[in-house]
Structures are given as structure tokens and as C-alpha cells.
> 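Take a look at the following structure, please.
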Amino acid sequence: MSLPLSLLIAALTTWIARASFIALLPSDRLPERLVVALESATPAVLGALTVLALLNSRTGDVALLRHVAPLFVAAGLALRGVNLALVVLAALVTGAALQLLGI
Amino acid sequence: MSESSVLTAVRNPDADAIRDITPVTLAVAPLGFVVGVTILGLGIPPGIGHLSSPLLYSGSAQLTYLTLVAAGTGLPALVGGLLLVNVRLVVYSASLASYFRAQPAWFRLLGPAFIVDQTVAIVTDRDDLGDPVRFRRYWLTAAALLGAVWVTSIVAGWFLGPFVPDSLPLELAAPALFLGLLVPKLAHRRSVLAAAVAGGLAAVLHGPLGAASLPGAVVASLGLLALTGRRSPPPGDDAPGGRR
């Protein structure tokens, strides 16, 4: 399989997932309970992504504190409504500081 | 017409989109940088690697594609891997379907291409996108700006990756970004429950299921909410900017 063909198939597969209930399947026939549940879809997905991103970022014997502490900083700043870019920057700076301190 | 309706009618959707997506694009740039470094490290032809950025418009899908292609994976495994990592996009599609119902056909085909965690997060933070034209302009403006920064950061990572010191913990960018997007959404008990259940399941399933842990956790969490079947409390009074 050529690389351009594989990319085309990958793009089509991803588009199908995105367009599934918008251009391909009827969305107005979803069960009422599912519609209610979907109101919480975004926090559910983001919650899972946060945990998985944390687990995937841990490699080798790096101390757990080096990954958890920056996220506590990020969560605290996000709770105070700080700009998202600064939240991520603060996490990176905290992580870098811990690494330089040998933690 | 109420005062809030007048304010909604005159507010520029492009300006709102730029204001909402700008901090998100800046937060996403480190992730794009990592993707660029990955393209370089996997030895993928640059044309394919960089073309995959706008065509897939998703870091997780792009990394999955690049990794599987670099490993010489066949078509069935490639499609299967992408379907697994993209299950959350199906969930997003269902949750955003109401925004697209009154849209013209061309937008119903093109618009979904920009469904990703970041665009969904800013849309679901607003309650003033009910007008089809307003939503269309907001969506396309936000998607264009996010896409431009995303592609640029990937190219930057591809060029500059070898010069970045190892002491910069770029691997923290992803969890910090998702956490930053999540926290403002935890305004209601059901949102907290959904996030907690999905996050807990993802942690438990990560070991045994690997890439399938994400769709498994999300589907199980939403299934639990569907079974409980109670509607979340209505959002509070509209903020002047239309944000929840």
C-alpha cells in the first residue's frame, strides 16, 4: 500500500468518525437518555484523555511527583480561570524546575 | 427583544471565536512541536508527515497513523487503530449534531472535519451559538486559526526538535492541556461524575486494553449516565460574553 493511499484512507476514516451523526446517520432518532448523557460527553472524554495523557507521559523511572505536581499547579490555575496557555506553560515550568532539582 | 438577545445578535462571531480559541492554540503548540519531532524521528517522508497534519486535524490520529505506517502495518490494522482512537470523535459528532442540523449541505460535509477536543471544548462553553450563521462563522474561524497554529508548530518541531534541551518536559503539555480544558467544565455534578468515571476507568483499563482504554472508558461512562437518566441542572444566567 502506497503512503499517499494510506494517508487518504486515514483521512477518510477520521472524517467518517467525525461526520457520523452529522452527515451520515440520523441524529434526531437517538434515545432521549443517550441525548441527556451526551451533554456530559465532553467532560467524560477530557477526563479520560487527561488520565491517559498522564500515564503515557510517564516513562522510565521518573518519580510520580514530577508528573503529578505540575498537574496540581495546572488544575489550581485552571480553577482560578487563568488563561489556558499560561496553565500549560506553568505546568511545563514546574516540571522543568522539578527535573532540574533532581526530583 | 431582550437585552441579552440584542447583545447576542450584534456580537461578532469571528471576534468571539478568535478570543476563545487563541489561548487554546497557544496551549496546543507544544503538542504540535512534539508531533513534529516524532515525524522526524520516525523517518516518515516529510511530505506525507506534514500533509497528515491538516488532513487528519488530530494529534492522536496523526500519531497513530504515523506510528503504524512507520511500523509497516497493513491496511486492516491501520483502519482498526484509527477507529479505536477516533471513537471519541463519534461521541463528539453525536453531541454536536444539533448545531449542524440547520446548516447547508456543504457545511454538513466540511464542518465535521474540524471536530477535535479543542473546538468542541470552546463550542460547548458557549450558549449563544444557536443561530446557524453565527455558529458557522464561529466554527470556521476557530478551526482555521487552530489549524494554522497546529500545522506551524508541527513544522517548527520538525526543524527545531533536535535543538530542544531534554530538560524541557514537553510530555507534560498534553495532560496539562486536557486538564485545563476539563476544569472549567466541572460546573455540575453530572459533569464531575462523567469525568471522574471516565478517568478512573481509563486508568484501570490502560494496562490491559492499551489504546482501547479511551473508547472503553468514555462509552462506559456515558452508558452509566444514560442509565441514571436524569437531566443535568440548567446552566446559570448568561454571562455577557455568552460563555457558560
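All figures in this text were calculated on a predicted structure; none of them were measured in a lab. To find a chain, count down the sequence lines: A is the first, B the second, and so on, and within it residues start at 1. Side-chain atoms are counted along with the backbone in the values below, which use heavy atoms only and exclude waters and symmetry mates.
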> Looking at Ala61(B), Ala174(B), Ala113(B), which makes the most heavy-atom pairs under 4.5 Å with chain A?
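Looking at each of Ala61(B), Ala174(B), Ala113(B) in turn, Ala113(B) comes out on top.
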> Which heavy atom of Ala217(B) sits nearest a heavy atom of Ala48(A), and at what distance?
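Closest pair (atom of Ala217(B), atom of Ala48(A), distance): CB-CB, 4.4 Å.
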> Considering only heavy atoms, which portion of Pro4(A) lies under 4.5 Å from any heavy atom of chain B: side chain, backbone, both, or neither?
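Both backbone and side chain.
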> What distance do Leu84(A) atom CG and Thr25(B) atom OG1 have between them, rounded to the nearest 0.5 Å?
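The distance works out to 9.5 Å.
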> Can you name the one residue among Val91(B), Val120(B), Asp117(B) that meets side-chain contact (heavy atoms from CB on, under 4.5 Å) with Thr42(A)?
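The passing option is Val120(B).
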> Heavy-atom pairs under 4.5 Å with chain A - which of Leu75(B), Val218(B), Leu177(B), Leu82(B) has more of them than the others?
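Winner by heavy-atom pair count: Leu75(B).
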> Find the one option among Val82(A), Asp28(A), Leu30(A), Val93(A) whose heavy-atom pairs under 4.5 Å with chain B are most numerous.
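Of Val82(A), Asp28(A), Leu30(A), Val93(A), Asp28(A) has the most heavy-atom pairs under 4.5 Å with chain B.
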> Go through the atoms of Leu79(A) and report whether side chain, backbone, both or neither lie under 4.5 Å from a heavy atom of chain B.
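Both backbone and side chain of Leu79(A) come within 4.5 Å of chain B.
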> Which pair of non-hydrogen atoms, one from Val90(B) and one from Ser20(A), has the smallest distance, and what is that distance?
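Shortest heavy-atom contact: CG1-OG, 3.6 Å.
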> Nearest 0.5 Å, please: how far is CG in Leu26(B) from CG in Leu86(A)?
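Those atoms lie 9.0 Å apart.
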> Do Phe21(A) and Ser95(B) make a side-chain contact, defined as non-hydrogen atoms from C-beta onward lying under 4.5 Å apart?
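Side chain of Phe21(A) against side chain of Ser95(B), heavy atoms only: no contact under 4.5 Å found.
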> Is the closest side-chain heavy-atom distance between Ile115(B) and Ile22(A) below 4.5 Å?
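Answer yes - side chains close enough.
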> Considering only heavy atoms and a distance below 4.5 Å, find which of Pro70(A), Ala74(A), Ala78(A) pairs most often with chain B.
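Greatest number of close heavy-atom pairs with chain B: Ala78(A).
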> Say whether, by atom type as modelled, one donor and one acceptor occur between the side chain of Trp15(A) and the main chain of Leu109(B) under 3.5 angstrom.
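Indeed, once roles are kept as given, a pair shorter than 3.5 Å links the two residues.
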> What residue in Ala198(B), Gly81(B), Ala196(B), Pro215(B) has the most heavy-atom pairs under 4.5 Å with chain A?
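The answer is Ala198(B).
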> Please flag which part of Val88(A) lies under 4.5 Å from any non-hydrogen atom of chain B: side chain, backbone, both or neither.
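Both backbone and side chain.
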> Taking the side chain as everything from C-beta on, heavy atoms only, tell me whether Thr13(A) gets closer than 4.5 Å to Leu83(B).
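They are in side-chain contact.
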> With rounding to the nearest 0.5 Å, note down the distance linking CD1 in Ile48(B) to OG in Ser2(A).
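Those atoms lie 8.0 Å apart.
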> How would you list all residue pairs meeting side chain to side chain donor-acceptor pair (under 3.5 Å) that involve residues 201-211 of chain B, not counting sequence neighbours?
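Listed by first then second residue: Asn56(A)-His206(B).
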> Of all the heavy-atom pairs spanning Leu179(B) and Thr50(A), show the shortest one and how long it is.
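Nearest pair, atom of Leu179(B) first, then Thr50(A): N-OG1, 3.5 Å.
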> Would you mind telling me which of Gly180(B), Pro169(B), Gly200(B) has the largest number of heavy-atom pairs within less than 4.5 Å of chain A?
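Heavy-atom pair counts peak at Pro169(B).
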> Find the distance between OG (Ser52(B)) and CG (Leu7(A)) and round it off to the nearest 0.5 Å.
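These two atoms lie 6.0 Å from each other.
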> To the nearest 0.5 angstrom, please state how far the CG atom of Leu49(A) sits from the CG atom of Leu182(B).
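If I round to the nearest 0.5 Å, the distance is 9.5 Å.
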> Taking every heavy-atom pair that is under 4.5 Å apart, which of Pro112(B), Ser93(B), Pro45(B) has the most such pairs with chain A?
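The candidate making the most pairs under 4.5 Å is Ser93(B).
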> Without swapping roles, check the side chain of Arg18(A) against the backbone of Phe114(B) for a donor-acceptor pair under 3.5 Å.
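Judged by distance alone, no pair lies under 3.5 Å.
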> Please report the interatomic distance OH(Tyr57(B)) to OG1(Thr14(A)), rounded to the nearest 0.5 Å.
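Going from OH on Tyr57(B) over to OG1 on Thr14(A), the span is 13.5 Å.
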> To check you understand the geometry: which heavy-atom pair defines the closest contact between Ser40(A) and Ser191(B), and what is its length?
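Taking Ser40(A) first and Ser191(B) second, the nearest heavy atoms are OG-N, 4.3 Å.
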